[in-house]
Amino acid sequence: MTETLFTNARLADGSLKDIGVVHGRVVSIAPAGAKSDAARRIDIAGALLVPAFVEGHIHLDTSFYGDRWIPHKPCTNGFDVHERVAFQAENMARAAPMDERARNQLELCVANGSLQMRSHVMVDGSVGLKSLETILKVREEYRGIIDIQLVAFPQSGILKSPGTPELLDEAIAMGADLVGGLDPASFDRDLQGHLDVVFGVAEKHGVGVDIHLHDFGTLGAFTVEEICARTVALGMQHKVAISHAYGLGNLDRDAARRIGARIAAAGVSIMTNAPGDHAFPPVALLRGEGVIVFAGSDNIRDSWWPYGDGDMLGRAMMIGYRSGFYTDDELAAAFDVVTAAGAKALGLEGYGIALGAKADFVTLAAGHVPEALVAVPKGRRVFKEGRLVAENGAVVR
Ligand SMILES: [Zn+2]
């Protein structure tokens, strides 16, 4: 017997369907109005039903969302990661308790329809494992509402921050799911030494890697190539991601295609949030070469920038806007970045609207995906494994 039947759901191909869900999984997809013995019915009323969004890069420990407003402090002489890290430490000392701020951010993301998330959490000589301990507890509170992967993120560098290699190792043993990194060449000034630690810990524990890489130009591209080479050498294809990879946006098309083919062959994913006023990865070109490009909010109202609203559909719109995407296929590609491609990058099981998949859905007031992408409609209903978890911009319990 079907437990719940979602009726009159408009799928991406425009068809109206009834979707049966048992034990949180899709068991039937039939034309709307077909006979069913469902115990419970939820009428989607012709709204677009899409898989829940994948928030692929966020920082649950450092946002001030829901806390008081903290004005942005510019760097003294152009963007400088070291200086921003120092500003962040000052701000964090005055912020509301981390668990409160993390909950605020999670509620925002769930309300907007993200039910899978990858969050980086600071693990380094400055904060030790304290932030991770807090975020691990918050993750438990939200089990069954949102699935969260945690990256042990060495925000103060690995070689420059004493004890960080050991802390990364402990973080994975405690429950972090991936090892992070930060600008191996420009921050730690030792590309190979930094990657030795990151991939060493990942190999020891059999976990994935997700490295922040802000370096522009040749240095950024070179670092991408080195990460790809390590990934292949260790047989870690499809377990490694590079976040930002701004340098890929500085290359001419031929060079970008060559490196794109290399990234695809190494099974390395690229995360972009379509950042402000500088280069970012060429999304269409990389996808054309077979690279998995995914997205995240990254910082939301924190020490890095005041922007961010936790809405991955809005993020997809920004990616499309900044990429010059206009055709329906291009708009659908931007949507794919925050849905199916995100699921691939995060290695999620049972993603999508398909038989056997988890019934993680979002309803959107739009006729089709391209319209949803440009309109970014609110008033969504969000279902986790067939259960309503958010409605009209708020989590329901
Ligand atoms: Zn980040």
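Only heavy atoms go into these numbers, but all of them, side chains included; no hydrogens, no water, no symmetry mates. Whatever order the structure lists them in is the order used to number ligands and atoms, beginning at 1.
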The Zn ion (ligand 1): protein N, O or S atoms [distance under 2.8 Å]: H57 NE2, H59 NE2, H212 NE2, D298 OD1
Ring center gap for F280 and Y246 short of 6.0 angstrom: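 No: the rings miss the under 6.0 Å criterion.
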Output field: ring centroids F153/H59 closer than 6.0 Å: yes
Stepwise salt bridge (charged side-chain N to carboxylate O under 4.0 Å, His left out) check, R301 with D67: CA-CA 10 Å; R301 293 195 199 171; D67 196 0; over 6 Å; no
From OH (Y142) to NZ (K137), nearest 0.5 Å: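 Y142 atom OH to K137 atom NZ measures 15.5 Å (nearest 0.5 Å).
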Same apolar cluster (I L V M F W Y, side chains within < 4.5 Å links), V224/V240: yes
side-chain hydrogen bond (donor to acceptor under 3.5 Å, both in side chains) partner of N112, the single match among E55, R315, K378: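 For N112, the side-chain hydrogen bond (donor to acceptor under 3.5 Å, both in side chains) check succeeds only for K378.
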